[in-house]
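The structure displayed is predicted, hence computed values, not measured ones.
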Amino acid sequence: MASSIARGGEDEGEDEEFEGFDDFTIASSWERFISEIEAVCRLWLFDGPKNLVDKGAECLDHPKNLYKVKSELKYGGKDYCLEFYFMINKDATEWVDNLHNIQQSFGVNEFLVIAPLSASGVVLDSPESSKLLSAVAIALSNCGSNWPAFVPVHDPSRKAYIGIQSTGTIFTRRFDADRIGSQVPVRLMHMEGLYELFVAKFASFDYPMNYFKVSFGMKLTYRTPPFDDDEEDVLENVEAEVKESEEVNDGYDRIKVQWDDDCPWAEWYSAEDPIKGFELITIWPRNTCESSMEMAELENASSFDAEKWSLYPLISPNMIDDSDGKFIGFASQLRLLVGALERSFDAKFLEDFVSAENIGSDNSNPAVVIPPPTVRDRVLKELFHDGAQISSSLDLESKNSRAIKGAPLESLFAQFCLQSLWFGNCNVRAIATLWIEFVREVRWCWEESQPLPRMPSDLDIDLSSCLIHQKLHLLAICIKKKNLLNHENHTSVEITGQSSDDKGLAEFDRNEILDLPQNESMVDEFDSDSPDSEGTTGNLTVDAECAVASPDAHKSCPIRKGSSGIVGNMMLLHSFQKMHAPYTQDAPVMTEDMHEERLHAAEVCGDAFSTSGQLERDILSSDMSAFKAANPDAVFEDFIRWHSPGDWESEEIEDRSTGNKEDPDQCNWPPRGKLSQRMSEHGNSWRKIWNDSPALPASEQKPLFDPIREGEKVLHYLETLQPHHLLEQMVCSAFKVSADTLNQTSFGNLQLMKTKLNQLYITLASSLRPLRANRTHDKYELIGDLRRLCLVFENIEKLLIFVSSLHRKLRDAPRLTEAIFNDYFNYYLPKMGNSSASICFDKKFSNKQQVSMLERDVVANLFPPPTANQSWRKVLSMGNLLNGHEPILREIIFSVAHRVGDCHYGSNIPWTHTEEIETHRMYIRGTSNDLQVALSVTSWD
């Protein structure tokens with residue numbers, strides 16, 4: 001008895017212990033499967049979309065706003081995957097871009113998909129698909145969720161689904177989608193047949209077709225023919241177009257082989273057209289139709305009747321993803337040039353890279369081969385012997401370009417750098433070979449006194465350019481002066497027995513050699529027709545004032561030489577004579593290193609005269625000698641009044657205007673004033689130089705500039721240039737001229753592109769500045785920075801190529817061009833390294849821009865009428881032609897809505913329900929050989 005009581009107590013304790021426990025061990029596998037689905041769905045419902053994203057929901061590549069989470073389940077010995085698709089920002093617009101296929105087909109936002117984990121990913125067995133769908137529907141009902149659920153069925157290529165959704169009321173929506181991938185019936189190619197297909201789903205004998213008012217919306221997608229389409233068609237029409245172009249030149253665009261023939265980079269490479277075409281999307285407004293005849297008429301309607309036009313470009317994959325390095329342009333070659341710079345530190349002489357004794361183990365690599373002599377000769381011919389002349393390169397340069405220490409775009413060294421980028425593989429051996437031959441050609445020009453091509457010979461040397469360009473500019477000046485000197489020597493041999501006029505001409509030649517123009521900074525308002533200029537013949541003058549004062553004075557008056565004319569009404573201090581301005585020698589032409597050498601010498605010698613040392617002494621002495629020769633009775637104070645007016649403290653206003661005052665009393669002679677304090681100090685160096693300077697005109701002085709000596713020094717510099725010094729200047733110049741070349745691209749008034757170009761110049765100037773300082777100890781850091789600079793340059797180069805192609809295709813629609821470019825720039829920005837890439841990164845550019853009514857004609861011109869050869873190849877069958885082109889895709893949504901109480905669904909509804917619901921919806925997506933149909937039906941079960 002006691003034991004039985006004890007056992008009863010134990011049994012009661014066990015019952016209390018397991019109270020509330022659901023024992024699924026006795027349940028079927030079907031019930032456990034539903035329970036697992038329910039548990040997963042409850043978890044997703046509890047988290048909500050934002051928390052699911054924070055927990056790592058996968059962002060789909062193409063749709064921007066669509067995420068998914070998934071969970072794996074087991075049932076009946078098979079593995080299944082349950083996926084939940086959801087959107088952060090829900091948009092109820094019918095034709096929203098970037099929707100999932102299920103969203104667009106059935107008009108849903110969030111949805112579930114359950115599919116087997118298999119190679120096909122679809123359910124081939126009909127009972128299995130129904131069982132899966134029922135399990136998900138029961139689980140969602142238990143959760144109180146209204147998510148629609150879908151199961152992929154049939155063959156994967158058919159993109160077929162079945163689905164179900166509980167609306168939370170007495171109604172249930174059922175979904176079914178399928179696809180015909182080939183041999184679409186002719187009836188279903190036309191809108192009339194599609195309308196009848198939809199109506200047949202609900203029409204009956206009691207409710208004929210004309211009883212319903214079907215609502216429909218339509219979206220047509222057109223694609224422009226490829227811009228490089230069918231070269232055969234082009235060739236067939238070349239002869240006819242050439243004949244037409246003799247009268248009207250509108251066939252040029254079709255004759256051109258490459259799209260970028262007239263772009264600034266076309267001389268160096270041909271870029272792939274980044275825009276392969278455009279897709280135009282036309283959306284028609286929602287409307288109602290009561291018969292198939294109305295749909296037949298709509299098929300013939302013009303695309304201009306559509307409510308909305310949207311356009312977006314089809315971008316070449318190489319412009320978006322260039323991981324395989326297929327893009328060829330300036331940036332790719334600059335990257336090779338930076339590699340050559342890195343190797344240039346391995347040798348002290350350029351000949352070491354060419355000599356066979358110094359060939360390393362890697363020189364058998366095709367990447368470092370030297371092009372054949374024929375290629376080298378062709379390059380040198382283009383540089384030296386094709387009649388190339390220097391142009392005004394300043395017009396081609398950006399204002400920011402001068403901050404980069406390189407050569408001007410059209411100069412000889414700049415063209416050498418551009419040729420080197422494409423010479424072989426731009427390796428250091430090829431560059432060394434080309435440079436050695438280049439210097440030989442330069443020396444030939446010097447020895448044969450031939451003008452140096454692509455180099456000016458009469459302009460000041462630009463010290464902001466690279467040193468090699470400065471040296472070549474100096475050599476061009478030396479060649480010109482050398483030719484004039486040779487002409488003078490030849491003339492002086494034959495001058496004996498010539499007339500005085502011929503001697504004057506010879507003297508003029510020497511003046512030109514010494515650069516003896518009238519010094520405009522010292523001679524103000526000289527009037528060659530003034531009576532005071534009489535008595536002057538060439539550079540030899542008998543003083544007219546002296547002759548007036550005394551008839552015999554000319555016998556004792558000194559001879560005036562080298563006068564370029566009188567200086568207004570200025571008079572000499574100790575003689576009642578007009579002051580004459582002399583011809584003077586120009587200052588010697590110097591390059592940057594010559595200036596630095598003289599400054600260094602001045603610092604070492606501690607010369608207190610001036611920072612430039614002896615050169616300024618020689619120039620000042622030359623000017624003083626010329627002034628003495630032109631004004632024999634002048635004193636030191638007269639020279640100061642002419643040469644440095646600021647050091648003469650005048651007590652009256654000196655008249656430099658022209659006039660003829662011969663009376664000393666009338667012209668207030670002598671002038672009253674005194675020297676400044678610095679000029680009147682004891683031991684002033686200027687006065688000492690004045691006392692030591694002889695009276696010699698500039699034509700008889702020793703030249704301040706020796707063109708022969710300076711020319712040989714330039715050639716010595718070019719022939720002994722160290723490899724890394726050459727490559728450093730080539731890198732700077734190559735970046736600069738490449739940017740200047742691209743800067744000539746025509747892209748309209750796109751401010752964003754102009755801003756990016758200006759920023760590129762600033763980045764180039766900053767990144768290339770270390771090359772100016774020759775900081776070779778930072779070689780590895782420098783090479784790394786230059787390679788990153790190549791990537792920045794490539795990004796801008798790609799943007800320029802894109803905007804150039806876009807501008808020429810939409811030239812007459814600037815607003816649309818700018819809007820598309822801004823979209824593309826924002827899409828491309830993460831790839832440029834200027835901003836962090838988002839978690840969901842788009843691999844496809846699909847931003848669409850709305851086309852205004854005024855821009856529709858411009859966009860329609862992108863669809864030229866097909867030629868006769870193109871027309872017979874295509875079977876036009878869909879209608880809605882745009883300039884003879886049928887849409888590549890037609891999408892239609894048919895729908896019928898009823899009030900519940902007015903239809904057969906409402907006959908047994910226990911309460912009054914007057915809400916209008918969409919009972920049938922059909923989404924049709926197709927072309928002439930592909931048709932996809934998705935149907936959703938709402939019913940009361």
Measure the [atom1]-[atom2] distance between [X] and [Y] for me, rounded to the nearest 0.5 Å.
X      : Y      : atom1 : atom2 : value
Glu279 : Leu889 : CD    : CG    : 8.5 Å
Phe894 : Met922 : CZ    : CE    : 8.5 Å
Arg42  : Asp47  : CZ    : CG    : 14.0 Å
Leu750 : Asn822 : CG    : CG    : 7.5 Å
Lys219 : Trp95  : NZ    : CH2   : 6.5 Å
Met191 : Glu297 : CE    : CD    : 11.5 Å

Test item: side-chain donor near acceptor, [X] and [Y], under 3.5 Å:
X      : Y      : result
Tyr923 : Gln104 : no
Glu38  : Ser35  : no
Asn109 : Gln103 : no
Lys754 : Asn749 : yes
Tyr312 : Ser846 : no
Glu272 : Ser316 : yes

Are [X] and [Y] side-chain neighbours, meaning at least one heavy-atom pair lies under 4.5 Å?
X      : Y      : value
Pro49  : Met87  : no
Phe46  : Cys143 : no
Phe216 : Phe198 : no
Asp930 : Ile180 : no
Phe845 : Leu314 : no
Phe863 : Leu280 : yes
Glu58  : Val69  : no

Practice task
Sort out for me which residue in Val122, Val123, Leu112 forms a side-chain contact (heavy atoms from CB on, under 4.5 Å) with Val151.
Solution key: Val123
Practice task
Check the angle between the aromatic planes of Tyr824 and Tyr828 and answer parallel, tilted or perpendicular using the 30° and 60° thresholds.
Solution key: parallel
Handout entry: Mutual orientation of the aromatic rings belonging to Trp309 and Phe304 [parallel < 30°, tilted 30-60°, perpendicular > 60°]
Key = tilted
Please find the pair of heavy atoms, one from [X] and one from [Y], that lie closest to each other, and give the distance.
X      : Y      : value
Leu816 : Glu855 : N-OE2, 3.6 Å
Ser302 : Trp284 : O-CH2, 3.0 Å
Leu60  : Tyr85  : CD1-CE2, 3.9 Å
Gln850 : Arg815 : O-NH2, 3.1 Å
Pro830 : Asn826 : CD-O, 3.6 Å
Ile275 : Pro313 : CG2-CB, 4.0 Å

Check: [Y] main-chain N/O paired with [X] side-chain donor or acceptor under 3.5 Å:
X      : Y      : result
Glu196 : Gly193 : no
Asn883 : Ala860 : yes
Gln165 : Asn146 : yes
Arg173 : Thr167 : no
Ser105 : Asn101 : yes
Ser145 : Cys41  : no
Asp305 : Ala301 : no
Thr224 : Phe278 : yes
Glu886 : Leu881 : no
Ser804 : Leu800 : no

Practice task
Answer with yes or no after comparing the ring centroid distance for Phe150 and Phe175 against a 6.0 Å cut-off, counting only values under it.
Solution key: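 Yes, they do, as the ring centres are separated by less than 6.0 Å.
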Handout entry: Within the 6.0 Å centroid threshold, strictly below: His100 and Phe111
Key = yes
Practice task
Take Glu36 and Lys74 through the salt bridge (Lys or Arg N to Asp or Glu O under 4.0 Å) test and state the conclusion after the steps.
Solution key: CA-CA 9 Å; Glu36 291 176 8; Lys74 288 182 178 293; over 6 Å; no
Exercise for the section: Would you mind checking if Lys78 and Glu128 are paired as a salt bridge, meaning a charged N to carboxylate O distance below 4.0 Å? Expected result: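 So Glu128 pairs with Lys78 through a salt bridge.
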Practice task
Decide, yes or no, whether a salt bridge links Lys809 with Asp273 under the criterion of side-chain N to carboxylate O below 4.0 Å.
Solution key: yes
Handout entry: Arg856/Thr282 under side-chain hydrogen bond (donor to acceptor under 3.5 Å, both in side chains): CA gap, chis, key distance, verdict
Key = CA-CA 11 Å; Arg856 290 192 176 187; Thr282 61; over 6 Å; no
Problem - NZ/Lys159: more than 12 non-hydrogen atoms of other groups inside 6.0 Å - result: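 Open: at most 12 neighbouring heavy atoms sit under 6.0 Å from NZ of Lys159.
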Handout entry: Other residues, nucleotides, ligands: >12 heavy atoms within 6.0 Å of Gln751 CD
Key =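 Counting other residues, nucleotides and ligands, CD of Gln751 exceeds 12 neighbours.
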Practice task
Take Ile892 and Arg890, measure what side chain to side chain contact (heavy atoms under 4.5 Å, CB included) needs, and give me the verdict at the end.
Solution key: CA-CA 7 Å; Ile892 303 176; Arg890 177 167 56 197; 4.0 Å; yes
Practice task
With sequence neighbours left out, write down each residue that passes ring pair (Phe, Tyr, Trp, His ring centres under 6.0 Å) with Trp147, or none if nothing qualifies.
Solution key: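 With sequence neighbours excluded, Trp147 shows a ring pair (Phe, Tyr, Trp, His ring centres under 6.0 Å) to Phe84, given in chain and number order.
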Problem - Residues in salt bridge (Lys or Arg N to Asp or Glu O under 4.0 Å) contact with Arg921, at least two apart in sequence or another chain - result: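 Applying salt bridge (Lys or Arg N to Asp or Glu O under 4.0 Å) to Arg921 gives none.
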Exercise for the section: Take Asp178 and His154 through the side chain to side chain contact (heavy atoms under 4.5 Å, CB included) test and state the conclusion after the steps. Expected result: CA-CA 9 Å; Asp178 208 342; His154 306 309; 4.3 Å; yes
Exercise for the section: For Ser303 and Tyr222, run side-chain hydrogen bond (donor to acceptor under 3.5 Å, both in side chains): C-alpha distance rounded to whole Å, both residues' side-chain angles, the deciding distance at 0.1 Å, then the answer. Expected result: CA-CA 10 Å; Ser303 299; Tyr222 299 87; 2.7 Å; yes
Practice task
Please step through side-chain hydrogen bond (donor to acceptor under 3.5 Å, both in side chains) for the pair Ser936 and Arg174, ending with a clear verdict.
Solution key: CA-CA 6 Å; Ser936 62; Arg174 300 185 184 277; over 6 Å; no
Exercise for the section: Could you walk me through whether Leu931 and Leu194 pass the side chain to side chain contact (heavy atoms under 4.5 Å, CB included) test, one step at a time? Expected result: CA-CA 10 Å; Leu931 184 65; Leu194 296 174; 4.2 Å; yes
Exercise for the section: Carefully, step by step, assess Leu82 and Lys70 under the rule side chain to side chain contact (heavy atoms under 4.5 Å, CB included). Expected result: CA-CA 5 Å; Leu82 180 66; Lys70 61 184 179 180; over 6 Å; no
